[in-house]
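Notes for the one structure printed next.
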Amino acid sequence: MDAPKKRIFSGIKPSGNLTLGSYIGAIKNWVALQDEYDCLYCVVDMHAITVRQDPALLRRRTLEQLAQYIACGLDPERNIMYIQSHVPAHAELSWVLGCYTMFGELSRMTQFKDKSRKNADNINAGLFTYPVLMAADILLYQADLVPVGEDQKQHVEIARDIANRFNNVYSQTFTLPEPFIPKTGARVMSLADPMSKMSKSEQDGDGCICLLDKPDDIMRAFKRAVTDSETCVRFDKENKPGVSNLMTIYSAATGKSFEDIENEFAGRGYGDFKAAVGESVVELLRPVREKTEDLLKNKDYLEQIYTEGARRAAFLASKTLDKVYRKVGFVKQPRI
Ligand code: TYM
């Protein structure tokens with residue numbers, strides 16, 4: 001008999017439109033790993049409300065994001081795809097884990113410090129305990145691997161620390177998860193400012209490409225991308241951050257190595273290079289946009305996917321939650 005497959009959990013917040021950064025840093029790997037692992041891919045709407053959201057927009061983006069997961073090549077038959085708020089066990093485990101997480105640990109989270117600076121008028125408790133909910137997401141399903149971009153590494157590490165602490169107090173309960181970070185594209189930078197991350201919270205302007213952007217907008221953003229005063233396509237993150245970022249994107253879109261790219265553009269100007277990167281992204285995203293538009297016409301189908309996904313996820317989650325409740329000393333729940 002074959003050994004059981006290892007498990008993957010990952011998710012993205014529907015707090016903005018999906019970006020090329022999330023695609024290259026996370027979703028591309030999700031698609032690549034779906035054959036080899038048992039995977040759960042979640043739309044983490046509960047994480048999204050740590051920053052104020054427009055309710056109607058959040059609802060729309062949640063469905064659009066699920067449609068984009070499928071359009072990017074995730075198979076809803078093989079993977080469990082669902083919406084976080086449909087499985088209450090995430091919030092339930094999060095409460096318990098919060099009692100095994102230290103104030104000091106959470107205070108050190110880079111993303112908390114960063115988000116507090118950006119949302120100074122709304123530094124709410126959810127923003128602070130965000131990594132505990134993320135740990136609950138991962139640990140509920142006994143995930144072995146968590147494919148994410150570089151910025152989420154610290155959160156997967158704290159999930160591991162919380163799991164370890166709980167296991168040491170109560171005996172083996174949780175699998176210790178590992179982050180899975182791509183070798184290239186772990187941190188895709190803004191086209192307008194290659195020193196800062198491409199981010200869905202900064203979607204206005206030409207720095208960020210979204211998966212549903214139209215070809216003309218994509219080409220315009222790449223034509224305006226910040227480079228440097230040399231005219232040499234060479235990978236050098238420190239001294240040529242803009243060009244190196246474009247090379248990373250081009251490599252992710254075409255599968256070409258950095259060496260191939262340097263040879264392809266040897267002796268040619270940045271104009272040619274930027275246009276080629278733009279075209280490769282247009283071609284990469286064209287089928288994603290078209291398939292998403294199709295899927296959004298069929299809301300019943302999407303509802304069927306997330307309903308079935310939530311059912312399967314809730315079944316797996318209840319096994320872990322029952323075990324945790326028993327270990328911490330809660331009286332067995334009566335049927336009510
Ligand atoms: P989120 O929603 O900010 O980002 C989603 C995923 O995309 C990656 N990513 C990037 N990778 C490379 N370059 C970029 N510019 C870029 N921008 C985003 C992120 O690293 C992430 O993998 N807390 C998580 C969501 C979450 C989660 C989880 C993830 C909640 N629970 C459990 C994994 C497991 C977040 O805010 O990601």
Side-chain angles (χ1 to χ4, degrees), residues 7-31 33 39-51 53 58 61-62 65 68-69 72 82-85 87 90-91 93-94 97 109-112 114-115 118 126-127 129-160 162-163 177-203 207-211 241 244-245 248-249 252 313 317:
R7 182 158 297 151
I8 278 183
F9 181 95
S10 199
I12 299 182
K13 298 188 296 283
S15 51
N17 296 321
L18 281 181
T19 69
L20 187 62
S22 314
Y23 178 81
I24 295 175
I27 300 175
K28 192 164 180 273
N29 271 334
W30 299 3
V31 175
L33 295 166
C39 308
L40 294 106
Y41 294 123
C42 188
V43 181
V44 289
D45 54 349
M46 287 159 68
H47 279 95
I49 62 164
T50 51
V51 172
Q53 302 292 329
L58 179 62
R61 279 186 180 142
T62 301
Q65 192 170 302
Q68 286 173 84
Y69 283 2
C72 285
Y82 70 106
I83 298 167
Q84 186 185 31
S85 61
V87 180
H90 288 248
L93 182 63
S94 178
L97 296 182
M109 293 291 112
T110 316
Q111 192 166 308
F112 172 67
D114 198 42
K115 289 243 158 110
K118 289 183 183 148
L127 204 57
T129 57
Y130 182 112
V132 182
L133 179 59
M134 179 158 161
D137 299 341
I138 298 167
L139 302 182
L140 259 185
Y141 302 100
Q142 308 289 350
D144 299 281
L145 213 61
V146 184
V148 284
E150 172 75 34
D151 62 331
Q152 295 301 317
K153 187 167 176 240
Q154 198 183 31
H155 287 162
V156 181
E157 282 165 358
I158 195 177
R160 206 183 151 85
I162 298 168
E178 296 272 358
F180 184 95
I181 295 172
K183 285 206 182 66
T184 44
R187 193 174 170 82
V188 176
M189 309 309 275
S190 158
L191 301 186
D193 171 12
M195 300 311 281
S196 64
K197 196 187 72 167
M198 182 182 285
S199 156
K200 59 187 157 210
S201 54
E202 281 144 46
Q203 280 175 357
C208 180
I209 303 289
C210 294
L211 301 196
S244 303
N245 189 41
T248 301
I249 294 172

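In each ligand, atom 1 is the first atom listed, and ligand 1 is the first ligand listed.
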- Message: For Ala186, which part has a heavy atom under 4.0 Å from ligand 1: side chain, backbone, both, or neither?
- Response: backbone

- Mutual orientation of the aromatic rings belonging to His90 and Tyr141 [parallel < 30°, tilted 30-60°, perpendicular > 60°]: tilted

- Does Gly185 reach ligand 1, in the sense of a heavy atom lying below 4.0 Å from it? yes

- With a cut-off of 4.0 Å, which atoms of ligand 1 are near a heavy atom of Phe9? 32 (C), 34 (C)

- Do ligand 1 and Gln152 have nitrogen or oxygen atoms that lie under 3.5 Å from each other? yes

- Task: Would you sort out whether Lys197 and Asp151 count as a salt bridge (charged side-chain N to carboxylate O under 4.0 Å, His left out), showing the intermediate values?
- Result: CA-CA 9 Å; Lys197 196 187 72 167; Asp151 62 331; 2.8 Å; yes

- For atom 4 (O) of ligand 1, which protein heavy atom lies nearest, and how many Å away is it? Lys200 NZ, 4.1 Å

- Item | Heavy-atom side-chain contact between Leu40 and Ile8 under 4.5 Å | no

- Message: Any salt bridge linking Arg160 with Glu178? Criterion: basic side-chain nitrogen under 4.0 Å from a carboxylate oxygen.
- Response: yes

- Item | Ring centres under 6.0 angstrom apart (Phe112, His155) | no

- Query: Any side-chain heavy atom of His47 sitting closer than 4.5 Å to one from Met134?
  - Reply: yes

- Ignoring hydrogens, just give me the one of Lys13, Glu150, Lys153 whose non-hydrogen atom is nearest atom 3 (O) of ligand 1. Lys13

- Message: Measuring from non-hydrogen atoms of Ile24 to any atom of ligand 1, is the shortest distance under 4.0 Å?
- Response: no

